[in-house]
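In this chain, residues are counted from 1 in sequence order. Here the structure is a predicted model, which means the values were calculated and not measured. Below, all heavy atoms of this structure are taken into account, side chains as well, without hydrogens, waters or symmetry copies.
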Amino acid sequence: LSLSEFSQIRESLLTTPKKRRAVLKQHGLGEVRWRMIERRWASHFHDLDDKPDELVALATDLRKTTRARRKAASHAS
């Protein structure tokens, strides 16, 4: 999953914890697969501790995609 997809799913899981299974299913994931993806991203973030430029670029990209997604969602409702 891309960082954008990961963050979108994670946001959905955090905002609707009682619908966890449905959220994961909507994205074609099960609990075990989701846990593997979370661990992979956590490892990647940990590896970026020594690469501040890459970490800033990743954070900037995530901020842009999150803003765009929220803007699109607010226009759709």
Peer 1: Would you give the length of the straight line joining atom CG of Leu58 to atom CZ of Phe45, rounded to the nearest 0.5 angstrom?
Peer 2: 5.5 Å
Peer 1: Can you measure from CH2 (Trp41) to OG (Ser2) and round to the nearest 0.5 angstrom?
Peer 2: 7.0 Å
Peer 1: Are the side chains of Leu24 and Leu13 in contact, using a 4.5 Å heavy-atom criterion?
Peer 2: yes
Peer 1: The test is side chain to side chain contact (heavy atoms under 4.5 Å, CB included); show your working for His27 and Val23 and say whether it passes.
Peer 2: CA-CA 7 Å; His27 295 279; Val23 169; 4.2 Å; yes
Peer 1: If a pair satisfies salt bridge (charged side-chain N to carboxylate O under 4.0 Å, His left out) and one of its residues is in residues 44-66, list it, with sequence neighbours excluded.
Peer 2: none
Peer 1: Could I get the full list of salt bridge (charged side-chain N to carboxylate O under 4.0 Å, His left out) partners for Glu11, not counting sequence neighbours?
Peer 2: Arg69, Arg70
Peer 1: If you measure from OG1 on Thr60 to CG on Leu55, what distance do you get to the nearest 0.5 Å?
Peer 2: 9.0 Å
Peer 1: For residues 34-44, which residue pairs pass the salt bridge (charged side-chain N to carboxylate O under 4.0 Å, His left out) check, not counting sequence neighbours?
Peer 2: Arg10-Glu38, Glu31-Arg35, Arg35-Glu38
Peer 1: Between His46 (side chain) and Ala42 (backbone), is there a donor-acceptor pair under 3.5 Å?
Peer 2: no
Peer 1: Say you draw a straight line from CG of Leu3 to CD of Glu5; how long is it, rounded to the nearest 0.5 Å?
Peer 2: 10.0 Å
Peer 1: Mind checking whether Trp34 and Arg20 have side chains closer than 4.5 Å, heavy atoms only?
Peer 2: yes
Peer 1: Taking CZ in Arg21 as the centre, count heavy atoms belonging to other residues, nucleotides or ligands within less than 6.0 Å. Is the count above 12?
Peer 2: no
